[in-house]
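Comments concern the structure below.
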Amino acid sequence: MASIKDVAAEAGVSVATVSRVLNDHPSVSDDARTRVLAAVETLGYRPNAVARSLRTDQTRTLGLVISDVLNPYFTELARSVEEEARSLGYSVIIGNADERPDLQDHHIRTLLDRRIDGLLVSPTDGGSPLILDAARGGTPMVFVDRWIPGVDVPVVRADGRAAVRDLVAHLHALGHRRLAIIAGPAATTTGSERVEAFRAALAEYGLSLPDAYTGQGDFQAESGRRVTEGFLDLPEPPEVVFAADNLMALGALDAVRARGLRVPDDLALAAFDDIPWFVHTDPPVTAIAQPTGELGRAAVRALVDRIEGRPPQSVTLAARLVARRSCGEPAPQETPGAEGFPAPAEPSPATNRSQT
């Protein structure tokens with residue numbers, strides 16, 4: 001992706017002159033204007049898709065590209081983003097990547113062309129050239145939930161490693177020793193991090209994670225169903241399946257029931273990313289809950305800080321274990337809240353805030 005500096009070099013003018021031409025400022029000679037517009041055409045440069053500081057106009061609009069709008073976690077995240085942005089005087093345009101890098105880049109390209117003031121992204125993979133070019137070109141951006149290592153962009157996320165350790169300790173105390181995982185895509189930070197956290201927690205109890213007990217999913221329900229069917233076909237199936245997101249957990253639950261089996265009698269089930277539905281399933285599902293609303297609000301605040309010239313911060317919040325009855329627990333471990341949903345957790349304090 002060509003930058004405004006590339007246009008300036010091609011036209012033989014300053015970056016400030018390019019900015020004035022793109023914003024139709026009158027104090028530019030006809031010759032300079034002609035050269036800049038020719039350079040824009042030659043390089044395929046998209047005006048207003050780079051640093052906000054080089055623009056003289058604002059749209060008061062933020063872009064949000066989420067991984068899967070059908071995932072209740074991202075639905076709740078999007079709602080909190082929209083509410084916080086509105087309170088700060090911004091509107092939000094949402095793009096659904098559907099866990100596809102090509103759709104992700106399509107939405108990002110469209111949002112940049114719409115002259116948004118800043119961009120919130122939950123990357124579907126770690127190698128999108130478009131994201132990298134936009135970040136390096138100065139587009140105000142914040143990664144939320146997932147991130148791309150090595151890219152100098154603030155990250156707002158939950159750290160689930162302690163909660164995964166709590167889950168494994170919980171399962172061990174219940175007498176479970178054969179534990180399996182349905183992993184998310186290794187190309188995502190959340191996919192790889194949750195597997196490593198699970199493996200490390202098992203090792204603390206002298207337990208291993210055999211290849212046969214590691215199934216590759218894609219954060220979609222069908223992959224959870226497929227992987228669980230494979231686990232059930234093993235000569236020695238696992239006692240517990242830990243799904244690394246809620247949709248894969250629902251797929252796992254479908255696979256168990258399709259065979260006439262029951263959770264937790266025949267196979268225990270736990271999930272990362274708690275959702276309201278889990279308290280209404282039979283049995284209610286043990287899950288790791290993220291402070292989703294606070295993540296969305298913190299991400300918007302970080303992005304608006306960046307847009308308005310204040311130093312943005314990366315924010316890491318803590319996830320927590322919510323024990324119910326899908327792993328053989330003897331009794332419910334939580335108090336229902338309003339309308340039968342779990343009582344909401346108090347917003348977790350930030351466990352790490354680093355200046356970026």
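Since the model is a prediction, treat every value here as computed from it, not as a measurement.
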Who pairs with Asp211 by salt bridge (charged side-chain N to carboxylate O under 4.0 Å, His left out), at least two apart in sequence or on another chain? none
The reported gap from CZ in Arg297 to OG in Ser80 (rounded to nearest 0.5 angstrom) is 6.0 Å
Sequence neighbours excluded and cut-off under 3.5 Å, please list the side-chain donor-acceptor pairs for residues 178-186, or say none.
{"from": "Arg178", "atom 1": "NE", "to": "Pro237", "atom 2": "O", "distance (Å)": "3.0"}
{"from": "Arg178", "atom 1": "NH2", "to": "Pro237", "atom 2": "O", "distance (Å)": "3.2"}

Taking C-beta and beyond as the side chain, do Leu267 and Thr228 meet within less than 4.5 Å on heavy atoms? yes
Are Leu253 and Val279 grouped together when hydrophobic residues (ILVMFWY) are joined by side-chain heavy atoms under 4.5 angstrom apart? no
Judged by modelled atom types alone, do Tyr73 and Asp145 share a side-chain donor-acceptor pair under 3.5 Å? yes
To the nearest 0.5 Å, tell me how far Asp273 CG sits from Phe278 CZ. 8.5 Å
So if you build clusters from Ile, Leu, Val, Met, Phe, Trp, Tyr with side-chain heavy-atom gaps below 4.5 Å, do Val285 and Leu171 land together? no
In chain order, what residues pass the side-chain hydrogen bond (donor to acceptor under 3.5 Å, both in side chains) check against Ser223, with sequence neighbours excluded? Asp218
Treat each ILVMFWY residue as a node, draw an edge where side-chain heavy atoms are under 4.5 Å apart, and state whether Met248 and Leu234 are in one component. yes
Mind checking salt bridge (charged side-chain N to carboxylate O under 4.0 Å, His left out) for Arg262 and listing every partner two or more places apart, or none if nothing turns up? Asp265
Keeping Asp117 on the side-chain end and Thr59 on the backbone end, is there a donor-acceptor pair under 3.5 Å? yes
Close side-chain approach of Phe219 and Thr188, heavy atoms under 4.5 Å: yes
Got a sec, which residues hit salt bridge (charged side-chain N to carboxylate O under 4.0 Å, His left out) with Asp98, two or more places apart in sequence or on another chain? none
For Arg79, look at atom CZ and say whether over 12 heavy atoms of other residues, nucleotides or ligands are found less than 6.0 Å away. no
Are Leu130 and Leu103 connected in the hydrophobic side-chain network, where two residues link if heavy atoms are under 4.5 Å apart? no
For the student: nearest non-hydrogen atoms of Ser3 and Tyr45, plus distance: C-CE1, 3.8 Å
Considering residues at least two apart in sequence or located in another chain, which fulfil the side-chain hydrogen bond (donor to acceptor under 3.5 Å, both in side chains) criterion with Asp30? none
Run the side-chain hydrogen bond (donor to acceptor under 3.5 Å, both in side chains) test on Ser91 and Thr61 for me, step by step, so that the C-alpha distance in whole Å, both residues' side-chain angles and the decisive distance to 0.1 Å come before the verdict. CA-CA 5 Å; Ser91 298; Thr61 303; 5.2 Å; no
Listed by chain and number, what are the side-chain hydrogen bond (donor to acceptor under 3.5 Å, both in side chains) partners of Asp254, not counting sequence neighbours? Arg225
Which atom of Ala319 lies closest to which atom of Ile288, heavy atoms considered: CB-CG2, 3.8 Å
Just how far is it from atom CG of Leu321 to atom OG1 of Thr286, taken to the nearest 0.5 Å? 7.0 Å
Could you tell me whether Glu204 and Arg199 make a salt bridge, using a distance below 4.0 angstrom between a side-chain N and a carboxylate O? no
Side chains of residues 161-168: which donor-acceptor partners sit under 3.5 Å, not counting sequence neighbours?
{"from": "Arg161", "atom 1": "NE", "to": "Asp159", "atom 2": "OD1", "distance (Å)": "3.0"}
{"from": "Arg161", "atom 1": "NE", "to": "Asp159", "atom 2": "OD2", "distance (Å)": "3.4"}
{"from": "Arg161", "atom 1": "NH2", "to": "Asp159", "atom 2": "OD2", "distance (Å)": "2.8"}

List in chain and number order the residues that pass ring-ring contact (aromatic ring centres under 6.0 Å, His included) with His172, two or more places apart in sequence or in another chain; answer none if no residue qualifies. Tyr205
Quick one: does Val65's side chain get under 4.5 Å of Leu119's, heavy atoms only? yes
Provide the closest heavy-atom pair for Arg194 versus Asp245 in the form atom of the first, atom of the second, distance. NH1-CB, 4.3 Å
Inspect the contact between Arg177 and Glu239 and indicate whether a charged nitrogen and a carboxylate oxygen are less than 4.0 angstrom apart. no
Leu232 versus Leu261: any side-chain heavy-atom pair under 4.5 Å? yes
Say whether Gln290 and Asp274, considering side chains only, have a donor N or O and an acceptor N or O under 3.5 Å apart. no
Looking only at atom types and distance, does a side-chain atom of Ser326 sit under 3.5 Å from a main-chain N or O of Pro283, one as donor and one as acceptor? no
Side chains of Thr124 and Gln104: any donor to acceptor distance under 3.5 Å? yes
Thinking salt bridges, do Glu222 and Arg226 make one under a 4.0 Å N-O criterion? no
Would you check if Pro123 and Phe143 make a side-chain contact, meaning some heavy-atom pair closer than 4.5 Å? yes
Go through the structure and list residues passing ring-ring contact (aromatic ring centres under 6.0 Å, His included) with Phe198, not counting sequence neighbours. Phe242
Could you tell me whether a side-chain N or O of Ser19 sits under 3.5 Å from a main-chain N or O of Val15, the two making a donor and an acceptor? no
Note: Val256 and Val263 closest approach over all heavy atoms is CG1-CG2, 3.8 Å
Could you tell me whether the side chains of Glu10 and Thr42 share a donor-acceptor contact shorter than 3.5 Å? no
Locate the shortest heavy-atom distance separating Leu247 from Pro72; write the atom from each residue and the value. CD2-CD, 4.1 Å
Ignoring hydrogens and angles, tell me if any N or O in the side chain of His107 forms a donor-acceptor pair with the backbone of Ile66 under 3.5 Å. no
From CZ (Arg146) to OG (Ser192), nearest 0.5 Å: 10.5 Å
Pair Ile131, Val121 - check side chain to side chain contact (heavy atoms under 4.5 Å, CB included), show working. CA-CA 9 Å; Ile131 291 179; Val121 186; 4.0 Å; yes
Using atom types as modelled and distance alone, determine if a side-chain donor or acceptor of Ser67 lies under 3.5 Å from a backbone N or O of Ser122. yes
Basic-acidic side-chain contact under 4.0 Å: Arg301, Asp305: no
If you take all heavy atoms of Phe272 and Gly160, which pair is closest and at what distance? CZ-CA, 3.9 Å
If you round to the nearest 0.5 Å, how far is CD of Glu329 from CG of Leu174? 5.5 Å
Salt bridge (charged side-chain N to carboxylate O under 4.0 Å, His left out) filter on Arg109, not counting sequence neighbours, yields none
Are Asp282 and Arg257 close enough for a salt bridge, meaning some N to O gap below 4.0 Å? no
Those residues that, when tested against Arg60, pass side-chain hydrogen bond (donor to acceptor under 3.5 Å, both in side chains) (two or more places apart): Tyr90
Less than 4.0 Å between a side-chain N and a carboxylate O, is that true for Arg35 and Glu41? no
A side-chain contact here means heavy atoms from C-beta on lying under 4.5 Å apart; do Arg20 and Thr17 qualify? yes
Atom CG in Leu303, atom CD in Glu308: separation rounded to 0.5 Å? 9.5 Å
Just by modelled atom types, is the His106 backbone N or O under 3.5 Å from a matching donor or acceptor in the Thr110 side chain? yes
Compute whether any side-chain donor of one residue and acceptor of the other, for Asp68 and Gln220, lie under 3.5 angstrom apart. yes
